[in-house]
Undergrad: 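Structure below; questions to follow.
As the structure is a computational prediction, the values presented were derived from the model and not from experiment.
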Amino acid sequence: MAASQNNDPEKSLKKIMTLYGAALFLGLAISIFAHHIEDVSGFLTFLVPAAVLYFFVLFAYFKKGIFRKIAYGIMAVIGLISLFMIFYLEITGGH
């Protein structure tokens, strides 16, 4: 008789999203050497806060209550800023 498994979909999703984030940001960090990026400090100025924000939102999303609302709020703000940037870059020509 096979041992019963506790398949919690939320736990599985959290694991997948954590592995995805680790692979994503480690890949971006390795790209410094693979693509010979000249402005390493500028790239890291983007990369480190982006990684911190990603894992904070991931942590907040899988907590119940107010933390999940904070995660939704952060995602909404990022979405609105992204939409604003589309129009801003179109109007200014990307300069």
Undergrad: Counting C-beta onward and ignoring hydrogens, is there a side-chain heavy-atom pair between Y61 and I70 closer than 4.5 Å?
TA: no
Undergrad: Test: side-chain hydrogen bond (donor to acceptor under 3.5 Å, both in side chains). Region: residues 17-31. Which pairs qualify, not counting sequence neighbours?
TA: none
Undergrad: Would you call the rings of Y88 and F84 parallel, tilted or perpendicular if under 30° counts as parallel and over 60° as perpendicular?
TA: parallel
Undergrad: Report whether L24 and I32 are members of the same hydrophobic cluster (ILVMFWY, side-chain heavy atoms less than 4.5 Å apart, transitive linking).
TA: yes
Undergrad: Do I66 and L58 share a hydrophobic cluster, counting only Ile, Leu, Val, Met, Phe, Trp and Tyr and linking them when any side-chain heavy atoms are less than 4.5 Å apart?
TA: yes
Undergrad: Is any side-chain heavy atom of I78 closer than 4.5 Å to one of V57?
TA: no
Undergrad: Mind jotting down which residue pairs meet the salt bridge (charged side-chain N to carboxylate O under 4.0 Å, His left out) criterion with at least one end in residues 11-37? Sequence neighbours excluded, please.
TA: none
Undergrad: Which pair of non-hydrogen atoms, one from L44 and one from P49, has the smallest distance, and what is that distance?
TA: O-CD, 3.8 Å
Undergrad: How are the rings of F67 and F59 set relative to one another: parallel (under 30°), tilted (30 to 60°) or perpendicular (over 60°)?
TA: perpendicular
Undergrad: Please say yes or no: joined through hydrophobic side-chain contacts below 4.5 Å, possibly via intermediate residues, are V77 and M85 part of one cluster?
TA: yes
Undergrad: Show me the pairs that pass side-chain hydrogen bond (donor to acceptor under 3.5 Å, both in side chains) and involve residues 64-83, at least two apart or across chains.
TA: E10-K64
Undergrad: Are L47 and V52 in one and the same hydrophobic cluster, where Ile, Leu, Val, Met, Phe, Trp and Tyr link if side-chain heavy atoms are under 4.5 Å apart?
TA: no
Undergrad: State, with a plain yes or no, whether a side-chain heavy atom of F43 is found less than 4.5 Å away from one of L28.
TA: yes
Undergrad: Assigning hydrophobic clusters by single linkage (Ile, Leu, Val, Met, Phe, Trp, Tyr; side-chain heavy-atom cutoff under 4.5 Å), is M17 placed with F56?
TA: yes
